Structures are given as C-alpha cells and as structure tokens.
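Throughout, a chain's letter reflects where its sequence line sits, starting with A, and its residues are numbered from 1. All of these numbers come straight from a predicted model, not from anything done at the bench.
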Amino acid sequence: MKIALVGNPNVGKSTVFNVLTGSNQQVGNWAGKTVERKSGIIQRANQTIEMIDLPGTYSLTAYSQEEIITREYILRENPDVVMAMVDASNIERNLYLVLQILELAPRVVIGLNMMDLAVSSGLTIHTAELALALNVPVIEIVAAKGKGIEEFLDEAIRVGTLSQDPLPRKVPYPQALEQKVRAMEGLLSKNPWATRYPLRWLAIKRLERDPEIGQDWKASAPGISQSKDSCCDTGYGVSYELLKTTSLPGEELLETYEAEGWSKDHFEMAFADAKYQYISEILPKFRTTINPGKPTWTDSIDAWALSPIWGYPIMMAVLGLVFWGSFVASAPLGGAISQGMAWSAEVIVRLLQWGQAPEFIQSLIRDGIFAGVGAVLAFVPQIAIFFAFFSLMQDSGYLARAAFLGDRFMQLMGLHGKSFFSLVSGFGCNVPGIMATRTLEDPKDRLITMLINPLIPCVPRLGVMSAVVAAFFPGSRGSVVMLSLLMLSMFLVMVSALFMRRVVKQTERSAFVMELPLYHIPTLRNVLLPTWQKTYSFLKRAWTFILVASIVVWFLSSYPQGVPMQATWAGKMGGWLSFIGAPLGFDWRIMVSIVFGFAAKETTLSTLGILYGVAANASQSIAQAMTGAMTPLNAYTFLVVYMLYIPCLASVVTTYKESGSLGWTSFGVAYNLILSFIMGWIVFHGGQALGFQ
Amino acid sequence: MLTSILKILARKESLSMTQLADEVGYTSREIESALEQMEHMGYIHRQQFGPQCSSSSCGSNGCEGCGFASSESFAVWELTERGQTIVGSKPK
C-alpha cells in the first residue's frame, strides 16, 4: 500500500511521518528538483506500507516546485490513500488545499492537528460535522504529543482498502463556470491522453491553461515525442511547427472562451473564488467560536481611532498630550542642565584664567563650546521625554494607526497610498524618508513624494522646534503651538502635492489593505531602550558634529577680534542676508543660525546659543537670552521658516541621488526656500495685522 | 470573496484588515487566508516597510538617528499588475 502525506507547511506533517516510520526512512531529492524527498516503510500486520512525506504546500497550482511535485506524485504514483494534515487553528487556509486534493484523489483522510491551539484561540472544531460536510473521515490528532497518530494511520489503511472509491463532496461552482467545466470535460473525455488524469480536475486545469499540463501533452502527443532532438529527452526540443499542428485538446473551446473575455487568469480566479466561497459556507457547520461577533478590545478602540470623523481629533489629542508631557515634565531638568553647564563653563574658565591660558582659548571654551553644545544639551531631557512618548505610541500600536490615518491625506492629494510611508519615515529623518520612495513603482509618484518629504519636520527639527517653543510658549500653550505647526506642515504637504501634480503628471492612485498590530500595554524595555538609543545618538552628535560646528561659528563670530559681534565675519554674513530676514522680522543672528542649519538642524540651536552669548552671562539660559531679543511673533515666524526650509544638506544629496536629476533637486531646494519665505512673511505680517507681538 | 477583495483593492481608499473584513462580510481569518492565496497566485503582493535605517547608506548620508517612524514596521497588501489587469477586465 502507498500512502501520501500532504499538508500546508508547518502543519506537523514531519512529526507524524517520523512517528509512523521511525528509523525506516529514506531521504533524498526529487528527481531533477532541489526539494527533499522523504519516504519510509511502515509494517502493519500483514501489510507493508510505503509512506511518502510530500513537500508542504498551500495549493496544487503550478506556481512552485513543491506544488508540482505534490500533484505529480498523486497523479503519477496514484497512492492508495492521501493523508491530509490540517491545522485546526487555521482551517480556512488548510481546507483550500484539501478541496484541491479532493478533485485529484477520492481516497482522503483528514488529520486535524493543533486542536489545542484552536481551543486556546477560542475555536471549537466539531470533527463529525467537518467529516459530514466534506464526506471524508476526520481524525483529531495532537502530533506534538503523539496523540491520535496511530488512529490516523488506521483510518487511512481502512479507506485505502475500501473496495470502491468513496464520493467526497465536490466544490459547487457557479452555474456559468460549471457549464464551461462540463463542456471541457466532454471534449477531453474523447481523447485517450486525458484518461491518465481525473477528468474534472483536468478540465479545470485546461481552462486555467495550466503550463504543466501543456508540457505533459507536448511530451506525449503522437508525432511530437518522436521528433525530439537527440540530445534532449525533456520534450522542449520539439519544433514549433509540429507544436502548432498538434495543439492540446480543448484549444478551440478555450479560444471561444477567450473571445468572451475569459482569460486563464479569470478562470483561475473564478475557481479559487468558488473554493473560498464554499469554505466560507461550510465553516459555520463545523466551527464555533467563543463569543462570536463580539469585537476584541483592539476592534473597539479602532472603531474610534480609525473613524473618519473621530480618528483625526483623537490623533491630535494624542500628539498634543505627547508635546504637553514633554514640555511640562522636562522643564525642571532642562533648567538644571542649563545652570549646570553655565556653572561648569565658569569653573573651567576660572581654571584657565588661573593657568594663564590665552584669552582666545577661554573665549572658545566659554563662548564657543559651552554656549553652542550647552545650548543643545539643555534640551536633552525634553528630547528624551519626547522620544519616550513616541516609543509609547509605537509600542502600544497607536503609531501604525496614526500612519494609516495619514493615508487619507494621500488620497486627497491623489498620491499613491504608499507615499505616506515615505512621509511617515520623514518624521524620523528625511533621508530615509526620501529613500523610502523607492517602494513607489511610478517614477512620477516617486518624484512628487521625494519633493514634498522635506516639508515633514524630522526628529532633530522637532527637537529644536520644541526647544524654541518651550522658551517662548511655556506650559500647555507650547503643545498648542507645536500642534499648530504640525497641522501647518500637513496642510502644506497637501497643497504642495496638489501643486506638484500639476508640474509632474502622474498615474492614478491605487489603494491597499494595511495590517495593523494589536493594541497592547507597552513594556518598559521597549520604551526605554529606543529612548536611550535615540538620546544617545543625539548626544553623540552633540559631541562630534555640533562641537565642530560650534567652534566654526565661534570663530566666525569672534573674528576680526576687538570689533562688535555685528562686525565679525558672522555678523557680516548676517548683514548680507538681512534683505531676506528683514521682511520676516529676523535679526542677523537668526539668519546666520538658519544658514548653519543647512549642515544639520541641531546646529541652529548651538549657533543661537553662541550668537546670543548665553555663556557670556552665566545666569542666563538660551531661553532667557532669546526671549529678551525676540518677541513671540518673531519666534513663531522663525519656527515656521525653520520647519519648512531645507531639512539639511544630507537630504538634498539624497534627493539628488534618488532622483538622478540636478534640475529636480534644485527645483526642490528652491521650492522649499520660497515656500518658507512666503509662509514666514504671511505669519509675520498677518500676526502684526492681528495685533500679535 | 477573492474577486470582491480584488475589486476593493482597485479602489482609491485604503483599508485596515478589520475594515476589509467588515466590508466583504467575512472574518479576518478568512480574509487573511484569501489574501495569502492571492499573493501566492500573483494577483496581489504583501509589502513590508521595515526599518529604513538598516541600510548602510543612511548613516553615510549623515542621517543621525532615523527617528522612530522609520523604524516602525508596516505591512500592506496591494494589487500587482496582473491583479490590476484582471480587475480591469470583465468576462461576458
């Protein structure tokens, strides 16, 4: 007796095979394939059974080696019985293969494995009802514990020795499809070649234009096999002329259907659809779930969190809470660091004075390094707390929902749904955000997404922005200001995308289905570890890149020596840029900090620290120094301009690399600069007109 | 069922799995199974958006930390060209 063991991958087939065959196994490869072939001998009473463990597969189409091997074995070797292993916890997926097997082989026994998993998922499978629904014996097994395996084999032997083939239920196809199957069956039944296959199965495969069936015909059709090249025995060496004259049976009928619009894909989809439909219809007969229809708490939360009406206010409230939390909780720590830095600068400078170090060294340490790096370090607590809140959002599963809601914006802009992944990545850093556009197939979609990505404020920009917001808009006002900036950014992303669509015409958008993780309570590790990693990265940058930038800015703002700061090289640079800054209400220091922000966004903060001379007055923090020199309206205008102009040099280089166009890169840079200027002008003059200071 | 899912994917609005299941009237398990089968057949494909910063070019470009959103994993199902063709044509 020959028994074939089939099933989906990871269904427990190998466990059953090993238990039944023990050490009587032979392992090799299937002829001409790289797939492992395992067979074994089982002795039962007077019977010797050869069991083949067929490769794990989800279906019996001709898309993979595993599928072809499985169905070829069943067709060619004609096993006495097929033992089909089914995962009870994922029965929908597994029954699809079973239905296909039932079209190939009538003698089938189902082994229902992983019942324990199904039960723990709240599922109950009634095996008797399943057996009745398919008219096939079903045996419950727990392969991992060795339970039910012998009974599974006993039932297979019983079915294998039946004098007549049983009549398992066939999938009922829709009437139009059934008629086509029957018409094909009628044609094929007249051809001797077709007798080697189950007729109905062959008819379905012919309608699907299964390529393997075609190969088999070419290899066996009269005339063709004799004309093979002497070097080949595969049938591929036949001449085209011969193939044309000896087409597969049913070809004319297929051409008629094709003329009616039935392509091979339409047939394939229609048969698969009918099988899934059938599974859906019979499922309630044998499967019950605990609390059917009762939504999980993830479903209940999502009903609100993903609602087109409530989803956005909820997202705004969550983000508002994140900003509020990071401003309020970080304020005392930030103040302490500022004072600590000022005190340290004082101590070190006194030591240098005691050691009679040159004046420029003292100035470099105090006015360059401590003022620049210290200005950035003072906001580390705020940034760390912001990171921690973001980690909470991510680990709880909410960040994925926020990203999903973002897709509605893409819809309004007519962009491909996948564009929003690039924009979401831009919140982390615009460089990977721009790189993420590679997932977009349409080059025009890619270009538009690449050009609007810099309008999304990245984490370093958010860090600097929150620092400035904390200085000018303390307490809960800060979170409102941050939210307003984010909303402005979103609005401009939309407007810019609509504008770019006029410049770059792209193809129609298509949708997608997104997998969302379940909500869960965040773990301390998953919150603290990324918080530490990001904070460390920020600190590392402060001691490397920002340190160098601080020294450069100190140098430019200190020389020529003995002149007022406005007459130094940095001051002159600011003076040259005053024609841009003046309409926005910016003094020269703001303009210089914006220029230095081109290299990296955090350097804006260190530059402001140096130019506002924070360390020169140890009792003054950067917040105090800035609030003394700027009004809240100046600060808000600065925040708008800062948020919208080019993120950094790295993002420009990446845009060039990804777009491969200097023209589009220049367009992107010019667009950001002009947009930031226009928005800054509107905010400043609009604010003044409304009476804001 | 499969055809309904393909038609929904050909529309412009994206959906979550739960929303898709609600719309076609099947359970999420059935939908997942159908999606996997259609992916196997080549009509749709699953795309995973993993951490973008795993690429070495990110660091060399001066990207300092990639932030959070870029390390979030998203997975979406969308139509392939073959899937779009089949949705776009209807047999008599």
Which pair of non-hydrogen atoms, one from A:Ala272 and one from B:Met41, has the smallest distance, and what is that distance? CB-CE, 3.7 Å
Derivation and outcome, side-chain hydrogen bond (donor to acceptor under 3.5 Å, both in side chains), residues B:Glu36 and A:Tyr96: CA-CA 11 Å; B:Glu36 282 167 12; A:Tyr96 184 74; over 6 Å; no
With a 4.5 angstrom heavy-atom cut-off, could you sort out which part of [X] is near chain A: side chain, backbone, both or neither?
| X | value |
| --- | --- |
| B:Glu32 | neither |
| B:Thr27 | side chain |
| B:Leu20 | side chain |
| B:Ile31 | neither |
| B:Ser16 | both |

[X] versus chain B, the contacting section by heavy-atom distance below 4.5 Å:
| X | result |
| --- | --- |
| A:Leu123 | side chain |
| A:Ser280 | both |
| A:Leu306 | both |
| A:Glu67 | side chain |
| A:Thr535 | neither |
| A:Ile91 | neither |

Is there a donor-acceptor pair under 3.5 Å between the side chain of B:Tyr43 and the backbone N or O of A:Met269? no
Can you tell me if A:Asp265 uses its side chain to pair, donor with acceptor, with the backbone of B:Ile86 under 3.5 Å? no
Between A:Tyr58 and B:Glu39, does any side-chain donor sit less than 3.5 Å from a side-chain acceptor? no
Rounded to the nearest 0.5 Å, what separation is found between the [atom1] atom of [X] and the [atom2] atom of [Y]?
| X | Y | atom1 | atom2 | value |
| --- | --- | --- | --- | --- |
| A:Asp273 | B:Ser4 | CG | OG | 6.5 Å |
| A:Ser64 | B:His40 | OG | NE2 | 5.0 Å |
| B:Leu15 | A:Phe404 | CG | CZ | 6.0 Å |

Test side-chain contact (heavy atoms from CB on, under 4.5 Å) on A:Met514 and B:Gln19 and set out the steps. CA-CA 10 Å; A:Met514 186 167 170; B:Gln19 288 169 334; over 6 Å; no
Below 4.5 Å, heavy atoms only, C-beta onward: do [X] and [Y] meet side chain to side chain?
| X | Y | answer |
| --- | --- | --- |
| B:Arg29 | A:Ser121 | yes |
| A:Tyr276 | B:Met38 | no |
| A:Glu92 | B:Gln37 | no |

Could you check whether A:Glu268 pairs with B:Arg82 (Lys NZ or Arg NE/NH1/NH2 to Asp/Glu carboxylate O, under 4.0 Å)? yes
Apply side-chain contact (heavy atoms from CB on, under 4.5 Å) to the pair A:Val513 and B:Val76, showing each step before the final yes or no. CA-CA 5 Å; A:Val513 171; B:Val76 298; over 6 Å; no
